[in-house]
2 protein chains.
Amino acid sequence: MPPKAKPAATPLPSVWAREQRTPDQPALSRAAIVREAVAMLDADGIEALSMRKLGARLNAGATSLYRHVATKDELMELAVDEVAAEIRVPELQDGAAWRAAVTEAAAGFRATALRHPWLSSVLGQAGLAYLGPNLMTYSERLAALFTAAGFPEPSRAIDTVLSYVIGMSTTEAAWLTTVARSGETEATFIARLMPAAQQAAAGHEHLAGSYTDAAAITDPVALRDEKFRYGLAVVLDGLALRLPK
Amino acid sequence: MPPKAKPAATPLPSVWAREQRTPDQPALSRAAIVREAVAMLDADGIEALSMRKLGARLNAGATSLYRHVATKDELMELAVDEVAAEIRVPELQDGAAWRAAVTEAAAGFRATALRHPWLSSVLGQAGLAYLGPNLMTYSERLAALFTAAGFPEPSRAIDTVLSYVIGMSTTEAAWLTTVARSGETEATFIARLMPAAQQAAAGHEHLAGSYTDAAAITDPVALRDEKFRYGLAVVLDGLALRLPK
DNA sequence: CCGGCATGCGTACAGTGTTCGCATCGAAGG
DNA sequence: CCTTCGATGCGAACACTGTACGCATGCCGG
């Protein structure tokens with residue numbers, strides 16, 4: 001409390017805090033915001049992301065984010081394109097190897113969808129209308145793959161396999177989210193859900209067997225993998241019939 | 001203002017309003033709430049539904065709804081099951097006609113998904129884990145259909161075609177929602193989006209053609225129908241290979 | 001007649017996305 | 001060197017949201 005300084009012009013504690021903070025972080029940038037948003041979404045799910053919490057994690061106020069991002073929806077759009085960069089699509093050297101290549105591209109999509117389960121929620125609300133660069137190159141590579149494979153209507157083939165992959169991945173991700181929200185492990189969650197499911201299935205003869213599968217409890221991950229591969233094989237078989245010659 | 005009545009026990013305006021209101025509506029009931037919620041969702045989209053607005057439309061306060069519904073999530077669950085009642089699955093008389101029957105069941109799902117675009121948002125967040133009675137009978141009938149068709153693994157076949165249908169319908173519904181939110185007709189929305197899309201596709205040789213399809217503007221509905229039928233045919237062809245004999 | 005119980009609702013709380021205007025800062029220009 | 005200026009951060013505020021609590025009121029069985 002030195003009485004001689006000019007108190008109004010430069011209040012000491014403020015200056016103190018400022019000089020430490022500014023060189024600390026690389027300030028606020030669009031890229032950093034999106035990166036941290038993805039991290040929060042992955043960690044705590046979609047409903048845990050709020051502008052205030054995100055700002056707090058970046059040592060910033062909530063409203064500061066709006067200097068770099070127009071709206072929260074735009075931020076989600078950027079987040080989607082951010083994770084879209086993870087999906088790898090192999091280039092096709094041998095035309096006969098298209099099945100393996102498409103399988104890899106599909107599995108890659110599913111893998112990122114399961115790594116970032118919030119993606120399904122966003123896709124359900126906004127679809128694939130996004131035009132982010134990473135999504136564009138993903139589409140481009142898919143198109144290149146299917147044309148190289150020799151499909152007469154590549155876009156039709158792409159839509160078909162993408163629809164299957166999105167549908168399956170979305171369903172899986174939603175289930176995993178539900179399980180995660182319960183705080184329990186998947187096996188115990190299933191066990192706790194079992195009685196309700198069996199009661200709901202009462203009177204439906206064809207459904208009775210669906211909820212007594214022990215594999216769902218012993219190794220649900222492997223069961224999901226197998227289910228995905230089965231359906232994908234079906235789709236690819238159907239597509240193969242449309243290859244000329 | 002008659003001074004002789006007992007004013008505290010029966011204040012006039014209150015009695016007036018009450019006697020009119022009580023026989024007016026069948027009061028508040030779970031069924032009425034769900035019905036009105038679906039109506040609001042259909043009319044104004046998912047983000048327009050709030051407990052307060054829903055209460056207002058039922059001549060009720062917002063918190064009154066909680067006497068009949070535990071939480072908003074539960075209300076959405078009920079709404080999903082409500083619209084699930086619309087989907088019809090034909091019974092299979094002749095085993096050879098399974099293709100037409102499955103096609104009808106798939107088209108029915110898609111039709112309700114497009115009639116209630118908010119469904120896609122909910123599915124993206126919660127999946128098919130719901131156990132409502134209507135969803136159960138839908139599953140049951142699907143199972144009956146695929147078993148009657150002679151599939152060795154009916155549940156695998158169901159998961160495959162359902163994944164495709166969900167993926168395609170979700171994508172379509174999300175697109176329609178985006179268009180609707182713009183307030184424009186689909187054709188003008190596409191026209192307005194075109195330059196951005198073409199700029200985003202710049203440098204991607206295989207994508208250049210995707211955004212110059214005139215059919216998307218002249219008759220987008222027919223184009224979507226055809227796209228859906230194409231993919232479904234692919235999936236059914238793949239499944240047919242797995243039928244014994 | 002009366003006591004209990006289901007139903008409706010007003011108030012309140014914690015939290016949300018977003019707007020606005022002010023403070024501060026680094027750089028550019030006289 | 002001083003000053004202006006544009007960019008950036010931020011505190012306060014607004015209109016909402018879902019929901020918990022407690023009070024009032026009506027109907028129904030004893």
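When reading the values below, keep in mind they use all heavy atoms of this one structure, side chains included, and skip hydrogens, waters and symmetry mates. Predicted model only: the values in this text are computed from it and were never measured.
- Side-chain proximity of A/Arg52 to D/dT19, C/dT18, D/dT8: nearest is C/dT18.
- Of the candidates C/dG17, D/dC10, D/dT17, the closest approach to any side-chain atom of B/Lys53 belongs to D/dT17.
- For A/Ser64, a side-chain nitrogen or oxygen approaches OP1 or OP2 of D/dC10 to under 4.0 Å.
- Between B/Tyr138 and B/Phe109, the two ring planes are tilted [angle within 30° to 60°].
- Atom CE of A/Met76 and atom P of C/dT18 are 12 Å apart (whole Å).
- Between the CG atom of A/Leu28 and the P atom of C/dT24 there is a distance of 19 Å, given to the nearest Å.
- The CZ atom of A/Arg30 sits 18 Å away from the C1' atom of D/dG9 (whole-angstrom rounding).
- When distances run from any side-chain atom of A/Ser50 to the nucleotides D/dG18, C/dG17, C/dC9, the shortest one goes to C/dG17.
- Residue A/Lys72 contributes atom NZ, which lies 8 Å from atom P of C/dT18 at whole-angstrom precision.
- Rounded to whole Å, atom P of C/dC13 lies 21 Å from atom CE of B/Met51.
- Atom NE2 in A/His68 sits about 17 Å away from atom P in C/dG17, given to the nearest Å.
- Spacing between atom CG of A/Leu75 and atom P of C/dG17 amounts to 10 Å, rounded to whole angstrom units.
- Between B/Val83 and B/Leu119, some side-chain heavy-atom pair lies under the 4.5 Å cut-off.
- Residue A/Leu65 contributes atom CG, which lies 13 Å from atom P of C/dT19 at whole-angstrom precision.
- In terms of position on DNA chain C, the residue among B/Thr63 and A/Arg67 whose nearest nucleotide sits closer to the 5' end is B/Thr63.
- Proximity of A/Leu41 to A/Ile46: side-chain heavy atoms (C-beta onward) are separated by under 4.5 Å at one or more points.
- Screening B/Thr177, B/Thr171, B/Leu176, B/Thr170 against B/Ser120 for a side-chain contact (heavy atoms from CB on, under 4.5 Å) leaves a single residue, B/Thr170.
- A 6.0 Å sphere centred on CZ of A/Arg88 holds no more than 12 heavy atoms belonging to other residues, nucleotides or ligands.
- Among the nucleotides C/dG8, D/dT19, C/dT18, the one closest to the side chain of A/Thr71 is C/dT18.
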